[in-house]
Protein chains: 2
Amino acid sequence: MQPDISKIARLVAEPARANMLLALMSGKALTATELSIEAGVTAQTASTHLKKLVDGDLLIERKQGRHKYFQLHDYEVAQLLEGLLTIAADTQRTEVFTGPKEPRMRFARVCYDHLAGEIAVDLYHSLVKNNFLIDARGTTLLTDSGENLFGMFGVDFQQLAQKKRPICKTCLDWSERRSHLAGGLGKWILDEVLSKGWARRESSSRSLYFSNSGLVAFKSKYKLA
Amino acid sequence: MQPDISKIARLVAEPARANMLLALMSGKALTATELSIEAGVTAQTASTHLKKLVDGDLLIERKQGRHKYFQLHDYEVAQLLEGLLTIAADTQRTEVFTGPKEPRMRFARVCYDHLAGEIAVDLYHSLVKNNFLIDARGTTLLTDSGENLFGMFGVDFQQLAQKKRPICKTCLDWSERRSHLAGGLGKWILDEVLSKGWARRESSSRSLYFSNSGLVAFKSKYKLA
DNA sequence: CTGAAGCTTCGACCCAGGTCGAAGCATAGG
DNA sequence: CCTATGCTTCGACCTGGGTCGAAGCTTCAG
């Protein structure tokens, strides 16, 4: 028997649940009520949806006092959603482009735990251009000088190497249709952007808001135009 | 506005359609009738399903005489399905392992246009071990000696490089849960296996049937135990 | 032309499952 | 205690959409 992919797909097939999952692509854990608002349904309805998502192992729940927090189960789930976004952006191109744009979302956003959007694509290609990364048509490796550079920035490769997760991984950007950097290093970069206060995140949205000085600092650190 | 991923997911969420899509993971183009049998529904029902899949840009149709052939629209679609399979195999582990096994499917099968299953995982790790491939925790590159080796085998890298598709790409094997080789090179390897008659494919199944001599030839060529 | 095979359209049936109101539990904080 | 907030369960409603029989349309083989 093959595993039943329709069961998994069915979980995503409901608009309310899909909205919840997309909201969780921000990487944050959200409460049931927040997710119900995100999905545009009542708390009761959200509750049944969330139960299904947890039962289907797409989400993890964590009880905290009288709140219940939910997050994506896995990086694999985030990858699945990104894959769906890519195809959806492809086939619904016209609607997306003619619809109300969210320029900020297009410019910089969070993709699960790393940076995405125009600026992430720029970063990626700058790293490749300066020979810190090798991009062999869709596949990515950190060069020695890249390891050097990020080592000076304070990345602890020993620690990263211990996790199962690849250090470099490309993720196809659904808005830009070009690669950006995911993986452990991608996460590190986003973490730094947030911890240094170069950008902040608004509520539960995936959009990232760079401050002027933060954007300058980021661009100069990574030698972006 | 975000692209609507629930629309795409809904297309896969119907068991009949999911079965059709999985059948097409064999990489072959199949007729409407073949797919209706694969899905276990009547021709009428299959027809409406196929229309939806084509409208949703998951499939491409090609009319040939009084037959209509269907195939996956894109490698992206195949990737999406493999992602779903991975998660499904994960969460339905018990059912899969206790259910009726298909040992041949597990040993060798086609994944869209490249080799998958136990033997593909073995191949991948042998190539890494012998330094023809570099596997940096999930990301893959062909080494110079690897390019050399496959060059001697007759791979035309000039030609492969012209396609948009990456030459090496890893694909997580849903039965083995380890990497195997996809991408242009993965396709080349499968093509050779079939053209040299080392293995044959049964009807529309994804399983691959190696002959004894074919298996020996394959293993010796790639130095597998 | 006739018949058969492949595919599609139409119509009617049927049901899984999404939705919300109302009520029920649990936790936090006086 | 009591009350407010967060979440869940129950029940009733309703609709989207999957299913097949029947009939129609096209292409191929004589």
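The model shown is predicted, which means the values in this text are computed figures rather than measured ones. First the proteins, then the strands, lettered A, B, ... as listed; each starts at 1.
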Checklist entry - For the residue pair A/Tyr124 and A/Leu181, what are the closest heavy atoms and their distance? => result CD1-N, 3.8 Å
Item to check | C/dT8 OP1/OP2 closer than 4.0 Å to side-chain N/O of B/Lys68 | outcome: yes
Item to check | Listed partners of A/Ser36 passing side chain to side chain donor-acceptor pair (under 3.5 Å), at least two apart | outcome: none
Enumerate all atom pairs, one protein N or O and one N or O from nucleotides 14-20 of chain C, separated by less than 3.5 Å.
residue: C/dG18; atom: OP1; partner: A/Arg17; partner atom: NH2; Å: 3.3
residue: C/dG18; atom: OP2; partner: A/Lys52; partner atom: NZ; Å: 2.6
residue: C/dG18; atom: O3'; partner: A/Glu14; partner atom: OE2; Å: 3.4
residue: C/dT19; atom: OP2; partner: A/His49; partner atom: NE2; Å: 2.6
residue: C/dC20; atom: OP2; partner: A/Thr42; partner atom: N; Å: 3.3
residue: C/dC20; atom: OP2; partner: A/Thr42; partner atom: OG1; Å: 3.2
residue: C/dC20; atom: OP2; partner: A/Thr45; partner atom: OG1; Å: 2.9

Checklist entry - Do A/Leu72 and A/Leu58 touch side chain to side chain, with heavy atoms closer than 4.5 Å? => result no
All N/O contacts under 3.5 Å from nucleotides 24-30 of chain C to the protein, with atom names and distances to one decimal?
none

Checklist entry - Could you state the CD1-P distance from B/Ile37 to C/dG6, rounded to the nearest angstrom? => result 9 Å
Item to check | Test log, rule salt bridge (charged side-chain N to carboxylate O under 4.0 Å, His left out), inputs B/Lys221 and B/Glu192 | outcome: CA-CA 12 Å; B/Lys221 176 157 197 168; B/Glu192 193 201 28; 2.5 Å; yes
Checklist outcome for this item: Rounded to whole Å, NE2 of B/His67 lies from P of C/dA5 at a distance of 12 Å
Checklist entry - If you look at every strand shown and take non-hydrogen atoms under 4.0 Å, does B/Ala32 touch a base, only sugar-phosphate, or nothing? => result sugar-phosphate
Item to check | Residues which pass ring-ring contact (aromatic ring centres under 6.0 Å, His included) with A/Phe157, listed by chain and number, not counting sequence neighbours | outcome: none
Next on the checklist: Whole angstroms only, please: what is the CG-P distance between B/Leu35 and C/dG6?
Outcome noted: 14 Å
Checklist entry - Can you name the ring-ring contact (aromatic ring centres under 6.0 Å, His included) partners of A/Phe210, sequence neighbours left out? => result A/Phe218
Item to check | Contacts of A/Thr42 that satisfy side chain to side chain donor-acceptor pair (under 3.5 Å) - sequence neighbours left out | outcome: A/Gln44, A/Thr45
Next on the checklist: Tell me the interatomic distance from B/Leu50, atom CG, to D/dG17, atom P, rounded to whole angstroms.
Outcome noted: 17 Å
Checklist entry - B/Leu11 CG to D/dG16 P: how many Å, rounded? => result 17 Å
Checklist entry - Is there a donor-acceptor pair under 3.5 Å between the side chain of B/Arg17 and the backbone N or O of B/Leu11? => result yes
